[in-house]
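What you see is a predicted model; the values in this text were computed from it and never measured. Heavy-atom basis, side chains included; hydrogens, waters and symmetry copies ignored.
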Amino acid sequence: MNPFTKSYQTNNSDSELIQQIFEGKRSALNDLIERHQPFIYNIAWKMIGDPIQAEDLTQEVLIKIVSNLSSFKGESNFRTWAYRIVKNQFLNDLKKPANVFMNNFEDLGDALDRAPNIELTEDEKLGQAEVIREVRLQCLSGMLLCLTKEQRLIYIIGDIFGGDHTIGSEIMEISKDNFRMKLSKARKDLYNFMQNKCGLVDKSNPCRCHKKVTFATENGIVNAKNLLFNKQEFSTFKAQLESDANYLVDESEVKYSELHKEHKYKTTFEKKTFLTGILNSPEWKSKLYLN
């Protein structure tokens, strides 16, 4: 269940798992991490734009959550406590994303303008449909990376995950008014760029994904044989998150949010992860009093 919605009902279960962890039940720690790992990973992926670096960032933040679990006193709900750690780790992380087109909207717009538009026939569009979609997803990811880190995280929580101002303000440790104001600014920056540049939201804009695919593949921006985002095993945010997410957006802004909810969402992880190492480590077993 999406942890950023009002309908999130698993906090009691979170609390029960934490109590079981404190009682030394190793499987409870596994269950707690597996419950939140997909959300944390996919936030990291959107924050940094690179799936491999996102794994490292997710590992770092999960270790922090686990190592600080003994300090969790239940004064706030676990969701707020855990995702504040996520927020602090992501905002303070100094690693630079490896797969960044540009750092700001102006440079991104200039780069798109410089990339020549090369028309495809209808058959070519059909044959390259998956690569064209990859271009779209990479461009959408690049737009997110033009926001500041704080804007990006607020937009991910508020619009992509559909979190309302209550949970958003609690995680970001700012007032509800401030959360709404910062979310509005992030939307405005993103939407202004898309409205003036992106052919997906305004067909009069010249930039269309299929026109850029030849340039992108010939210049190594997109590897048609090893797609980064558009993999069949990935789901989408839209498919994974609650359809009744409790958030408010102006009607005119819905289409922008819908586009960003088409970002790919990774639901499965390798069985042998760092978690196995943690749970088998005598040091961690002793620290967490696990059986």
Side-chain angles (χ1 to χ4, degrees), residues 1-5 8-48 50-95 149-150 152-154 156-157 160-161 163 166-174 240-241 265-291:
M1 174 177 284
N2 180 355
F4 300 110
T5 64
Y8 183 72
Q9 299 293 335
T10 59
N11 190 55
N12 287 338
S13 296
D14 284 346
S15 299
E16 289 168 2
L17 288 174
I18 291 165
Q19 182 59 41
Q20 291 170 11
I21 293 168
F22 289 162
E23 293 169 355
K25 189 175 180 181
R26 170 178 158 167
S27 62
L29 178 59
N30 194 9
D31 291 344
L32 186 70
I33 289 180
E34 286 190 349
R35 172 178 295 169
H36 290 279
Q37 178 174 274
F39 299 103
I40 294 172
Y41 172 82
N42 283 286
I43 295 172
W45 190 10
K46 294 306 106 191
M47 282 294 292
I48 205 163
D50 182 275
I52 305 302
Q53 286 187 317
E55 289 180 3
D56 294 338
L57 195 55
T58 302
Q59 176 173 322
E60 290 170 11
V61 76
L62 285 174
I63 288 175
K64 277 200 171 183
I65 290 174
V66 171
S67 62
N68 286 286
L69 201 54
S70 60
S71 69
F72 177 67
K73 305 300 182 186
E75 294 169 350
S76 61
N77 64 47
F78 175 78
R79 171 181 65 170
T80 302
W81 179 85
Y83 285 93
R84 279 181 180 170
I85 293 176
V86 173
K87 181 262 294 183
N88 289 329
Q89 182 72 16
F90 287 5
L91 294 187
N92 294 325
D93 181 68
L94 298 178
K95 289 191 290 292
K149 277 187 173 183
E150 185 185 48
R152 208 178 308 155
L153 186 53
I154 287 174
I156 291 168
I157 293 172
I160 297 182
F161 278 92
T166 299
I167 181 63
S169 63
E170 288 175 355
I171 292 172
M172 298 303 295
E173 299 183 86
I174 57 180
Q240 289 297 314
L241 303 181
Y265 188 101
K266 186 175 179 181
T267 57
T268 57
F269 298 88
E270 295 294 332
K271 291 182 180 178
K272 189 175 182 180
T273 66
F274 74 97
L275 182 60
T276 305
I278 286 180
L279 297 180
N280 289 330
S281 163
E283 181 183 346
W284 281 96
K285 283 183 179 178
S286 174
K287 190 173 183 177
L288 297 170
Y289 303 105
L290 298 175
N291 295 324

Exercise for the section: Step by step, work out the side-chain hydrogen bond (donor to acceptor under 3.5 Å, both in side chains) result for E23 and Q19. Expected result: CA-CA 6 Å; E23 293 169 355; Q19 182 59 41; 3.2 Å; yes
Looking at [atom1] of [X] and [atom2] of [Y], how far apart are the two atoms once the value is rounded to the nearest 0.5 Å?
| X | Y | atom1 | atom2 | answer |
| --- | --- | --- | --- | --- |
| I33 | T58 | CD1 | OG1 | 11.5 Å |
| L91 | L153 | CG | CG | 5.5 Å |
| I171 | N88 | CD1 | CG | 11.0 Å |
| D14 | R79 | CG | CZ | 9.5 Å |
| Q53 | E55 | CD | CD | 11.0 Å |
| I40 | I85 | CD1 | CD1 | 9.0 Å |

Exercise for the section: Would you sort out whether R35 and L17 count as a side chain to side chain contact (heavy atoms under 4.5 Å, CB included), showing the intermediate values? Expected result: CA-CA 11 Å; R35 172 178 295 169; L17 288 174; 3.8 Å; yes
Problem - Pairwise side-chain contact, V86 with F39, heavy-atom cut-off 4.5 Å (strictly under) - result: no
Problem - Side-chain heavy atoms of Q20 within contact of D31, under 4.5 Å - result: no
Practice task
Only counting residues at least two apart or in another chain, list the ones meeting side-chain hydrogen bond (donor to acceptor under 3.5 Å, both in side chains) with S27.
Solution key: none
Handout entry: Closest approach of W81 to N68 (non-hydrogen atoms, all atoms of both residues)
Key = CZ2-O, 3.3 Å
Problem - Where K149 and M47 come nearest, the two heavy atoms and their spacing - result: O-CE, 3.6 Å
Handout entry: Residues forming a side-chain contact (heavy atoms from CB on, under 4.5 Å) with A82, sequence neighbours excluded
Key = I65, F78
Handout entry: Main-chain N/O of P51 paired to Y41 side chain as donor or acceptor, under 3.5 Å
Key = yes
Handout entry: N77 side chain to T80 backbone, donor-acceptor under 3.5 Å
Key = yes
Completion exercise
E170 meets the salt bridge (charged side-chain N to carboxylate O under 4.0 Å, His left out) criterion, sequence neighbours left out, with none
Practice task
Provide the full list of salt bridge (Lys or Arg N to Asp or Glu O under 4.0 Å) pairs with a residue in residues 81-91, sequence neighbours left out, each pair given once.
Solution key: K87-E173
Exercise for the section: Go through the steps for I43 and Y83 under the test side chain to side chain contact (heavy atoms under 4.5 Å, CB included), then give the verdict. Expected result: CA-CA 11 Å; I43 295 172; Y83 285 93; 4.2 Å; yes
